[in-house]
Asker: 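Let me begin by handing over the structure; questions about it come next.
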Number of protein chains: 2
Amino acid sequence: MDSPQYRPLYSQVYEALVRRIADGEWQPGQALPSEQALAMQLGVSQGTVRKALDALALDKVIDRRQGKGTYVAELTQERSLFRFFRLTRPDGQRAVPTSGDESIKRRHARSSEAKALELPEGVDVFEIIRTRFVDERPVAIERIILPEAYFPGLDQHSPLPNALYALYQREYRINIVSANEKLRADVARRDDVKRLSVELGAPLLQVERVALAVDGRRVEWRLSRCDTSTLSYDVTFT
Amino acid sequence: MDSPQYRPLYSQVYEALVRRIADGEWQPGQALPSEQALAMQLGVSQGTVRKALDALALDKVIDRRQGKGTYVAELTQERSLFRFFRLTRPDGQRAVPTSGDESIKRRHARSSEAKALELPEGVDVFEIIRTRFVDERPVAIERIILPEAYFPGLDQHSPLPNALYALYQREYRINIVSANEKLRADVARRDDVKRLSVELGAPLLQVERVALAVDGRRVEWRLSRCDTSTLSYDVTFT
DNA sequence: GAGTGGTCTAGACCACGCA
DNA sequence: GCGTGGTCTAGACCACTCT
């Protein structure tokens, strides 16, 4: 009497397609079958397939191009960075970062990390620490926590690519679709001074992010400390 | 050969409805006619009206309630603050602020303000300065610039309500639907110390916002300087 | 011209809120 | 039980892309 027990057809189609994309049936950049073909295959009307595809496009899992077809979204460097790396030049141009000074190690999750990722205490995680550069200048330090269970053998991929989310998608079929961030102002401490060329006590923007996969799992916890003296952190609300 | 010259019907319906809502034909909180009635009235199919209404609901201009009807959204204190005031308690609860120490004056726009609002140089604007409190503690200073032409007589409404966007909607039929923000970390200066109970040099989160109305006009420029020692600034990306 | 996604229509039935 | 929005279908035509 309290749990709905009712799921619209288009939402079931949505999930079925997500699963097949995640399973690699269609690779990023490849075209899906046409709406008509999918409708026949799934035994629903073309309008229902359309509604599911529209929702997938909203979640940026697919790209739709009129006259051409429907394509599995590529989380290429540009798309993924433009979407989640938000440091922006004064003229409004989104900056594209490079990485350096990178380390990855495997350890047990601290309780705060386990809580943020909704994992049992003490499970194995990877911890990545790296410095981000824009125009050769260090602008941010990132500490990234990933459950080992979701990313087996991640430490074999070192050096890690610039765009981690493209790696998650390509190697682990994990599609990041949204992120919750908590922002705070803080001052530079000794560790910050070492990696960023700022003075002790300089203001830093601290961003604490939890990234969610298309299936709702909390996949990544990330703490960034950013020097916003030359770049700003741009967001849009609707 | 290059400008499209083609506008989908549903998007024309969207604009017609926005205009009628802005003109006050239906007041916030009131119900619109049913989909069928609107379809008859406008001479389009019910499905086309639905598509326009769905888009309006996405832009939060209206509320749809199954079994009841479609209502003009009320930008009440809760809704508007929950949407655009993003300071959040450690437990994830969105804070609801109060205002104090408020001043409003009319003056000419500075060139940076005119540029941010895409106005001619030197037009008249209102400048509001106020302190925001959460649980009786000062947490942010706001400086707000509004074009006088959009908000004639605004200084007559003092003291201003806690939720400005509700006032914009109620008194001026201006519906804020989105905002672009630039965030930076900064340190407290003398003016900040006076209004916020922080020390000189304490870290502050500076938020520079341009708010956009449903018709795309840039309606408000706002600079907030926030003490994030007890609250965090929460955002979600999709 | 053929094939794709995008728009538009008309009509049926379902879930919800309320009297 | 009635009226509302929500879902689903089937079919037509339009705009875009490529050959």
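Each chain gets a letter, A, B and so on, in the order the sequences are listed, and its residues count up from 1. Note: hydrogens, waters and symmetry copies are ignored here, and every other heavy atom, side chains too, is used.
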Asker: The side chain of A:Lys68 lies closest to which of these nucleotides: D:dT17, D:dG6, C:dG6?
Answerer: D:dT17

Asker: Using a cut-off of strictly less than 4.0 Å, decide whether A:Arg64 has a side-chain nitrogen or oxygen near OP1 or OP2 of C:dG6.
Answerer: yes

Asker: Does A:Asp234 form a salt bridge (Lys or Arg N to Asp or Glu O under 4.0 Å) with B:Lys182? I'd like the steps, not just the answer.
Answerer: CA-CA 5 Å; A:Asp234 284 26; B:Lys182 288 180 175 294; 2.8 Å; yes

Asker: Counting only heavy atoms from other residues, nucleotides and ligands, does the tally under 6.0 Å from CD of B:Glu136 exceed 12?
Answerer: no

Asker: Examine C:dG5: is either OP1 or OP2 under 4.0 Å from a nitrogen or oxygen in the side chain of A:Thr70? Give yes or no.
Answerer: yes

Asker: Could you measure the distance from the CZ atom of A:Arg64 to the CZ atom of A:Arg50? Nearest 0.5 Å is fine.
Answerer: 5.5 Å

Asker: Indicate the ring-plane relationship of A:Tyr172 and A:His157, choosing parallel, tilted or perpendicular according to the 30° and 60° boundaries.
Answerer: perpendicular

Asker: In residues 44-63 of chain A, which ones come under 4.0 Å of DNA chain D, going by heavy atoms?
Answerer: A:Val44, A:Ser45, A:Thr48, A:Lys51

Asker: Rounded to whole angstrom units, what separation is found between the CG atom of A:Leu9 and the C1' atom of C:dA15?
Answerer: 15 Å

Asker: What is the separation between atom CD on B:Gln36 and atom P on D:dG3, rounded to the nearest whole Å?
Answerer: 12 Å

Asker: Could you say whether B:Pro33 or A:Ser11 is positioned toward the 5' end of DNA chain D, judged by the nucleotide with the nearest heavy atom to each?
Answerer: B:Pro33

Asker: Under the criterion side-chain hydrogen bond (donor to acceptor under 3.5 Å, both in side chains), I'd like the reasoning laid out for A:Gln46 against A:Gln36: C-alpha separation, chi angles, the key distance, then a yes or no.
Answerer: CA-CA 6 Å; A:Gln46 183 246 7; A:Gln36 286 291 359; 4.7 Å; no

Asker: Rounding to a whole Å, what distance do you find between B:Gln12:CD and C:dG6:P?
Answerer: 19 Å

Asker: Go through it in stages, so that I can follow the logic: the residues are A:Asn162 and A:Arg130, the test is side-chain hydrogen bond (donor to acceptor under 3.5 Å, both in side chains), and I'd like the CA-CA distance, side-chain angles, deciding distance and then a yes or no.
Answerer: CA-CA 10 Å; A:Asn162 225 333; A:Arg130 60 181 183 174; 5.0 Å; no

Asker: Whole angstroms only, please: what is the CE-P distance between A:Met40 and D:dC8?
Answerer: 20 Å

Asker: Look at the side chain of B:Gln66 and decide which nucleotide, out of C:dA15, D:dC18, C:dG17, has an atom nearest to it.
Answerer: C:dA15

Asker: Could you please name the option among C:dC8, D:dC8, C:dG5 that lies closest to any side-chain atom of A:Tyr10?
Answerer: D:dC8

Asker: Between B:Glu35 (CD) and D:dT7 (P), how many Å, whole number?
Answerer: 11 Å

Asker: Give the intermediate values and the outcome of ring pair (Phe, Tyr, Trp, His ring centres under 6.0 Å) for residues B:Phe151 and B:Phe126.
Answerer: CA-CA 9 Å; B:Phe151 298 95; B:Phe126 290 113; 8.0 Å; no

